[in-house]
Amino acid sequence: MTSPTPTPPTLTLNVLSLNCWGLRFISHHRFARLSEISRRIASASPSYDIVCLQEFWVYSDYLHLRSVTLGVLPYGKFYHSGVLGGGLVILSRYRIVESNMWQYVLNGRPTAFWRGDWYVGKGVAGAVLEIEDAGVGGGMRKGKRRAEVFCTHLHAPYEKGEDSYLCHRTAQAWQLSKLLRASVQRGHIPIALGDFNMLPNSLAHHIITTHGLVSDAWLSAHPQTPAITVTPVHASYNLTTLGATCDSILNTWRLAPTQLDLPSSESPDPDAQRLDYIFHSPLVSRVREIKVGFTELYKLPGKPKPGKGITRGGMVSLSDHFSVEVKLEITPLGDSVGPLISFDAVEVEEATQEGSEDVYLSMDVIEEIQALTMKYARREEWEFKWRIWHFWASTLVLVALHVAVWWSTYDGVAFLCVVLSWMVGVSGVVNGLIGFLFMGSELNALREFDEEIRIYKEIAQEKFAKGKGRPRVQELGAVEFGLSEQRIRREEEIERAAVDRHRGVVQ
């Protein structure tokens, strides 16, 4: 009798992504909450293999996190960027053999200092992990493979009118998608996760899942997930079916100051959004489980006064976001791959390593990106000219004021001219620095982004004309995906509403 062929063990990765809301001086009960997050990560069962955290700003909090989780996640990296730091952390059970921090070229404006995006230097924290494959070619022989982890936090919309940061967020999604595409083409195991500040059917989401050659893990597990629900649904449905991670009524930091108890999980929850994601490559991994986590409340030490996110009994949510947790099964080398699913309810044709280069954004999407970039560039060019004009005009006025001081026979007039000269000088220098340095740099970045999209469009057109390229225009549930101007405005309004509520929590 022939003995059965032994089945190779399956390699699985338990992955966690969480925005921790750890801003110094702003986030309420920061150290207590982050300490509890650290404890729960360390005591999780089954234990996590990869943990990516956002808004983990304070380095001393990171050192405490490492001391608590060192036994289960021996490798970790706190990523430094910008003036204040990017707030990104990666922890791993596997050895980190390479790390990178790619700052986003377009990332807010220094004039919006109260928002802080430009100063923290948002970007992509990358870590290459060396993992042990469960089996090569379906056999029992083990081998080393590399997983590339990309942890990020995209720019959020802030303005109530037109979202002027949409172009920046789109460019950031494009920059991330290039990193993912390169990882897929190298044959590595790419995993991208974080707070993307986007909706499942948004332009940024479409760029990442198409040009990045990856799939939304939630939609890989639940391809029938419906689109944005028009009528309010209950909170439990938002968590378990839609994967909402932010603005849930079950998060204490979303409660009104006078509301001291969480509502029922069956209460209407019209504002919950899915802003946090985990993306994977179906060429090398399959989603076995996925859920929204860290929904359990935490009792603060002492006797805190109820209100401002604290319920009766001193209970709080651990962050203003819930986590996303996924169990990925890594495909052994040589095995067949799964379909490349992004946000559609139907399976797209199977993609292979050789054919992955022929997946392109549709012409409508590419032209939408170009129109968006051109519109924003026109606005920035006008502001650039205005600031430079103000600088030179201030120089002339400054000279005139100094002459007036020299010739004035009245002390009061001379003093007034000195005060005005200081005001004019400071404003002129500030506008000159912003215009010559920041605005010039931003305009060059916009030109480079536009050139990349133009070249990409030419290649895509050639591929489509020869019948080799495959545009990906899919559906999300029963709602057709279309990037009309009206639809984008609707998406912007929803995203702005979500961020407005977030700002209310911070303030």
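Please read these numbers as outputs of a predicted model, since none were measured by experiment.
Note that Arg109 lies in the cation-pi zone of Tyr165, set by a 6.0 Å cut-off to the ring centre and a 45° limit from the axis. Stacking of Lys77 on the aromatic ring of Tyr75 is not recorded, the 6.0 Å distance cut-off and the 45° axial limit not both being met.
With 3.5 Å as the limit, one finds a donor-acceptor pair spanning the side chains of His205 and Asp216. Between the side chains of Tyr376 and Glu442, at least one donor-acceptor pair of N or O atoms lies under 3.5 Å. Using modelled atom types and a 3.5 Å distance limit, the side chains of His280 and Ser220 yield a donor-acceptor pair. Side-chain atoms of Asn251 and Arg254 include no donor-acceptor pair closer than 3.5 Å.
Residues that satisfy the ring pair (Phe, Tyr, Trp, His ring centres under 6.0 Å) test with Tyr62, not counting sequence neighbours, are Tyr59, Phe78. In this view, Lys178 and Glu452 satisfy the salt bridge (Lys or Arg N to Asp or Glu O under 4.0 Å) rule, not counting sequence neighbours. Listed by chain and number, the residues in a salt bridge (Lys or Arg N to Asp or Glu O under 4.0 Å) with Asp195 amount to none (sequence neighbours excluded).
A distance of 15.0 Å separates CH2 in Trp253 from CG in Asp247, rounded to the nearest 0.5 Å. Rounding to the nearest 0.5 Å gives a distance of 10.0 Å between CG of Asn431 and CZ of Phe391. Of the inter-residue distances, the one linking His321 atom NE2 with Leu275 atom CG reads 6.0 Å to the nearest 0.5 angstrom. Atoms SG and CG, on Cys246 and Asn238 in that order, are 12.0 Å from each other to the nearest 0.5 Å. Gln185 contributes atom CD, which lies 11.0 Å from atom CG of Leu180 (distance to the nearest 0.5 angstrom). Separation of atoms OG (Ser281) and CD (Glu148) is listed at 11.5 Å; rounding is to 0.5 Å.
At least one donor-acceptor pair closer than 3.5 Å links the side chain of Thr170 to the backbone N or O of Leu166. Within the 3.5 Å criterion, the main-chain N or O of Val424 finds a donor-acceptor partner in the side chain of Ser427. Asn197 contributes a side-chain N or O that, together with a main-chain N or O of Leu154, makes up a donor-acceptor pair within less than 3.5 Å. Of the possible donor and acceptor atoms, one in the side chain of Arg33 sits under 3.5 Å from a partner among the backbone N and O of His28. The backbone N or O of Leu129 lies less than 3.5 Å from no partner atom in the side chain of Arg146, so there is not a single donor-acceptor pair. Between the side chain of Tyr119 and the main chain of Pro110, a donor-acceptor pair closer than 3.5 Å is present.
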Would you check, one step at a time, whether the test side chain to side chain contact (heavy atoms under 4.5 Å, CB included) holds for Arg66 with Leu91?
CA-CA 9 Å; Arg66 293 291 291 128; Leu91 304 178; 3.7 Å; yes
Criterion ring pair (Phe, Tyr, Trp, His ring centres under 6.0 Å) on His390 and Trp386, from CA distance to verdict:
CA-CA 6 Å; His390 183 271; Trp386 175 84; 5.7 Å; yes
Stepwise side chain to side chain contact (heavy atoms under 4.5 Å, CB included) check, Arg274 with Leu199
CA-CA 6 Å; Arg274 184 157 76 97; Leu199 298 175; over 6 Å; no
Audit row: Phe150, Phe279, ring pair (Phe, Tyr, Trp, His ring centres under 6.0 Å) steps and yes/no:
CA-CA 9 Å; Phe150 303 95; Phe279 295 97; over 10 Å; no
After noting the C-alpha distance and the side-chain angles of Arg169 and Ser202, does the key distance pass the side chain to side chain contact (heavy atoms under 4.5 Å, CB included) rule?
CA-CA 11 Å; Arg169 195 162 53 257; Ser202 62; over 6 Å; no
Can you list the steps and then say if Leu16 with Cys52 is a side chain to side chain contact (heavy atoms under 4.5 Å, CB included)?
CA-CA 6 Å; Leu16 165 73; Cys52 290; over 6 Å; no
Could you walk me through whether His168 and Phe449 pass ring pair (Phe, Tyr, Trp, His ring centres under 6.0 Å), step by step?
CA-CA 10 Å; His168 283 214; Phe449 178 45; 9.9 Å; no
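Here the options are Leu255, Asp271, Asp269, the test is side chain to side chain contact (heavy atoms under 4.5 Å, CB included), and the partner is Ile249; only Asp269 passes. Of the residues Gln172, Gln175, His155, the one that meets the side chain to side chain donor-acceptor pair (under 3.5 Å) test with Asn107 is Gln172. Looking at Thr152, Ile90, Val149 one by one, the single match for side chain to side chain contact (heavy atoms under 4.5 Å, CB included) with Leu193 turns out to be Val149.
A salt bridge links Glu458 with Arg454: the closest approach of a Lys/Arg side-chain nitrogen to an acidic carboxylate oxygen falls below 4.0 angstrom. Using a cutoff of 4.0 Å between basic side-chain nitrogens and carboxylate oxygens, Asp450 and Lys457 are not scored as salt-bridged. Of the charged side-chain nitrogens involved, none lies within less than 4.0 Å of a carboxylate oxygen, so that Glu381 and Lys385 do not count as a salt-bridged pair.
Taking the six-membered ring where the residue is Trp, Tyr456 and His211 present perpendicular rings, their angle passing 60° and hence far from 30°.
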